[in-house]
Amino acid sequence: MKTRFRAVTLLAAAIGISTMLQSAPVQADSVHIAGGSTTYYTLSGYYGISVDEIMNANPGVTAGNIYPGLSLTIPGVTSPKATAALKTTIEAAAVTQASVISASLNVEAATNTVEAWGKEFSYAKVIQVKASAYSSAASENGGWGAVDYFGNPLKLGTIAVDPSVIPLGTKVLVTGHSHPGLPKMAFLAIASDKGSAIKGNRIDIFIPGSQSSVAEFGYQYVNLFIIE
């Protein structure tokens with residue numbers, strides 16, 4: 001998606017959360033920020049919770065009225081089946097990609113902390129950005145090849161940013177996305193790539209895979225926790 005003047009940079013995308021989160025009972029429930037492809041069905045698959053449970057937790061949101069950036073309440077994962085499904089997701093992510101964390105979220109707005117995959121992070125702020133995705137195709141990476149701005153090979157967790165908004169080297173937690181090539185619910189990244197088309201509240205997420213499969217990401221609104 002991005003047109004780069006220089007090699008790609010690794011963006012640590014931090015997941016963000018809306019003001020709606022501050023009133024949510026974070027100990028029991030989670031808040032999911034809808035992306036461009038979010039439906040009750042995809043949320044059910046992500047969290048191992050039935051569609052009816054999620055719909056009942058969001059009585060004011062009809063299935064046809066889910067839009068990017070919308071805050072959706074995800075009721076607590078308490079059933080054995082849901083817990084097992086979540087455990088399987090996390091273990092699989094840990095085995096296949098040690099540098100990227102797949103997680104459910106537990107956010108404590110009062111103390112600016114977020115817990116993901118059993119680890120607690122302090123965050124400075126949360127921002128919502130418009131995200132696109134890019135592959136390792138030569139047409140998307142110019143003459144520098146499949147490397148980030150610093151010359152490191154592109155990998156899952158690499159994100160291109162506008163350094164005037166998110167400085168290079170920033171660690172972030174990304175959430176609200178929807179694509180089979182990315183960890184579900186949340187993942188950590190480092191801002192180490194940039195591109196001429198990535199300006200303002202925009203990021204470009206590197207996704208391993210064919211150019212056509214990566215293009216299915218389209219444009220989505222995601223949330224970033226800027227990790228301290």
Side-chain angles (χ1 to χ4, degrees), residues 9-36 38 43 46-47 68-74 76-77 86 89-90 93-94 97-133 155-179 182-194 198 200-207 217 220-228:
T9 62
L10 198 216
L11 160 76
I15 57 178
I17 194 158
S18 72
T19 54
M20 181 177 177
L21 176 62
Q22 297 182 13
S23 60
V26 296
Q27 291 81 4
D29 299 338
S30 296
V31 172
H32 183 100
I33 308 299
T38 300
L43 290 174
Y46 281 0
Y47 292 97
L70 177 67
S71 297
L72 294 165
T73 298
I74 308 299
V77 179
L86 183 58
T89 297
I90 293 173
Q97 183 61 36
S99 64
V100 176
I101 294 178
S102 178
S104 60
L105 302 176
N106 184 27
V107 181
E108 182 55 70
T111 58
N112 277 31
T113 57
V114 55
E115 182 180 332
W117 200 48
K119 294 184 177 181
E120 188 175 273
F121 304 93
S122 295
Y123 64 91
K125 62 180 178 178
V126 179
I127 61 174
Q128 185 175 82
V129 298
K130 185 177 182 180
S132 53
K155 61 182 180 180
L156 190 60
T158 297
I159 303 176
V161 300
D162 180 345
S164 68
V165 177
I166 301 173
L168 293 176
T170 301
K171 178 184 286 188
V172 299
L173 186 62
V174 185
T175 192
H177 55 280
S178 176
H179 190 277
L182 291 173
K184 297 177 181 178
M185 293 178 272
F187 66 94
L188 282 173
I190 303 288
S192 60
D193 205 2
K194 64 181 182 179
I198 308 304
N201 279 30
R202 285 274 284 107
I203 66 169
D204 211 11
I205 301 172
F206 172 73
I207 301 178
F217 183 92
Q220 301 180 27
Y221 285 91
V222 302
N223 293 276
L224 309 179
F225 285 105
I226 307 300
I227 304 300
E228 296 181 313

Could you tell me which residues satisfy side-chain contact (heavy atoms from CB on, under 4.5 Å) with [X], sequence neighbours excluded, listed by chain and number?
X      : value
Thr111 : Glu108, Thr113
Pro163 : Leu168, Lys194
Glu228 : Ser122, Ala124

Q: Output the distance between atom NZ (Lys184) and atom NE2 (His177), rounded to the nearest 0.5 Å.
A: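 Output value for this atom pair is 10.5 Å.
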
Q | Interatomic distance, Ile226 atom CD1 to Thr170 atom OG1 [nearest 0.5 angstrom] | A |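 Taking CD1 in Ile226 and OG1 in Thr170, the distance rounds to 6.5 Å.
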
Shortest non-hydrogen contact from [X] to [Y]?
X      : Y      : answer
Tyr123 : Val107 : OH-CG1, 3.9 Å
Val222 : Ala131 : CG2-CB, 3.9 Å
Ile205 : Phe187 : CG2-CZ, 4.2 Å
Ile198 : Ala160 : CG2-O, 3.8 Å
Val161 : Ile166 : CG2-O, 3.3 Å
Ser132 : Asp204 : OG-OD1, 2.6 Å

**Q.** Any Asp162 side-chain heavy atom under 4.5 Å of Asn201 side chain
**A.**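 Not touching, per the 4.5 Å side-chain cut-off.
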
Q: Can you label the angle between the Phe217 ring and the His179 ring as parallel, tilted or perpendicular, going by 30° and 60°?
A: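 Taking His179 first and then Phe217, their aromatic rings sit tilted (interplane angle of 30° to 60°).
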
